[in-house]
Colleague: 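Take this structure first; my questions come after.
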Amino acid sequence: MTGGTGFLGAFLLKELLEQTEADIYCLVRAADAELGRRKIQNNLESYELWNSKYVSRIIPVIGDLSQPRLRLSAEQFEKLARQIDVIYHNGAVLNFVYPYSALKSANVLGTQELLRLACQFKVKPLHYVSTDAVFDSSAYYGKEVTESEPILHTDGIDLGYTQTKWVAEKLVTIARERGLPVSIYRPPLIAGDSRTGIWNTDDFTCRFLKGCIQMGSIPNMNCGITLVPVDYVSRAIVYLSKQKESQGLAFHLNNPNYSSWNEVAHWIDELGFLVRQISYEEWEAELIKTTGSQDNALSGLLPFFLRRWSEEQLTFAGLGQRRVKLNCQNTVARLTGSSIVCPRVDFKLLNTYFSYFVRSDFLNAPKVRA
Ligand SMILES: NC(=O)c1ccc[n+]([C@@H]2O[C@H](COP(=O)([O-])OP(=O)(O)OC[C@H]3O[C@@H](n4cnc5c(N)ncnc54)[C@H](OP(=O)(O)O)[C@@H]3O)[C@@H](O)[C@H]2O)c1
């Protein structure tokens, strides 16, 4: 698997170790195998997922997605291609500010190398972690898309990151048409563990929430919230990937239970974090003022929030309104009877997440508790 030192990767690795008896070869960026092993273990520990019984089944493969042959020697690449039976390609650089050119080598060319690995010596099924954002193009504005819908074109996809994910998904789709057993998983924004609340607090959503709490205001946005807990995503991917009938299919891992953004903003306030809901334009003006004068979690993301998108010059809030509605009927049907169910983002789940934010010192405890 790739990306085992990341957020989703930690949960995916844990599920693979628990739901299978396989040894897991993990591509990892490190100076040597021992440091690679430690990096994977540290990551699992940081999400409270580590168990010492895993040691012998995690095999670090020192390499790099952005380099030809994953930076392995020809012999190492060949040996790996003979040894492994299945590939989970989850690694990528997630960045909402960098252009396509800065992300292409890891996200696109890395996927091409994984396809080579899947085809060499013996055919190995490839499970590719994509994103729901591949449907951000103008072909789908405001439409409902099923899991068999092709990803048509990139017109209207403005983020370099999303463009790389679109091209990478297209590559694996072409490989599937040529006979490689490929399954595609499309999560939306991934939230923390629904049981412990643990979340990658360095990600976009956490920074956004923290930045708003620091400012004391949150934008009013007339759209749904597209969050899914990481334990749902990882359990669903591993469960589905083990079904032979999943080969050749795409799965939408969005939350089938709707919650609106404004509802969530209201609950955050009820939890005691005291955020006023104001119009997006007012919030943007406050953001510029705040980031100019004090530390704010959104400072590095200012270009993202100030950007105007596509010909219509939409704000970030405007983007939410034209997003596709993902139909996840096939995924939900295949998970029926498995005990893997996606929880709604409600007050109780938010309380679990915010309790973790406080427990981990990501946020100060609120002065008033609802
Ligand atoms: N998080 C979300 O909300 C979300 C939503 C939809 C889809 N996804 C997809 O889910 C997957 C995992 O996302 P995540 O949130 O877990 O991301 P993450 O926490 O940033 O982890 C990314 C992983 O990819 C690895 N990676 C990046 N560049 C690499 C390179 N050049 N060579 C080797 N490994 C490299 C990282 O390794 P290092 O530790 O060495 O950096 C890390 O293990 C990605 O494919 C992403 O596109 C995520």
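Here, residue 1 is the first one in the sequence, and each next residue gets the next number. Source: prediction; values computed, not measured. Just follow the structure's listing: the first ligand is 1, and inside any ligand the first atom is 1.
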Colleague: Taking N or O atoms only and a 3.5 Å limit, does Phe7 qualify as a polar contact for ligand 1?
Modeller: yes
Colleague: What about the rings of Phe7 and Tyr47, do their centers lie closer together than 6.0 Å?
Modeller: yes
Colleague: Under 4.0 Å between a side-chain nitrogen and a carboxylate oxygen: does that hold for Arg69 and Glu78?
Modeller: no
Colleague: Does a donor on one side chain sit under 3.5 Å from an acceptor on the other, for Arg116 and Gln120?
Modeller: no
Colleague: Return the OG to CD1 distance between Ser130 and Ile184, rounded to the nearest 0.5 Å.
Modeller: 6.5 Å
Colleague: Determine whether any heavy atom of Tyr161 lies closer than 4.0 Å to an atom of ligand 1.
Modeller: yes
Colleague: Once you restrict to heavy atoms under 4.0 Å, what part of Ala133 touches ligand 1? Side chain, backbone, both or neither.
Modeller: neither
Colleague: What about Gly6: any of its N or O atoms under 3.5 Å from an N or O on ligand 1?
Modeller: yes
Colleague: What part of Leu94, side chain, backbone, both or neither, has a heavy atom within less than 4.0 angstrom of ligand 1?
Modeller: side chain
Colleague: Identify the residue among Phe354, Tyr356, Phe204, Tyr353 that makes a ring-ring contact (aromatic ring centres under 6.0 Å, His included) with Trp199.
Modeller: Tyr353
Colleague: One residue to check: Phe11. Relative to ligand 1, which of side chain, backbone, both or neither has a non-hydrogen atom less than 4.0 Å away?
Modeller: neither
Colleague: Decide whether an N or O pair under 3.5 Å exists between Leu65 and ligand 1.
Modeller: yes
Colleague: At a non-hydrogen distance cut-off of under 4.0 Å, which region of Ser105 contacts ligand 1 (side chain, backbone, both, or neither)?
Modeller: neither
Colleague: So, Glu18 and Lys242, do they make that salt bridge, N to O below 4.0 Å?
Modeller: no
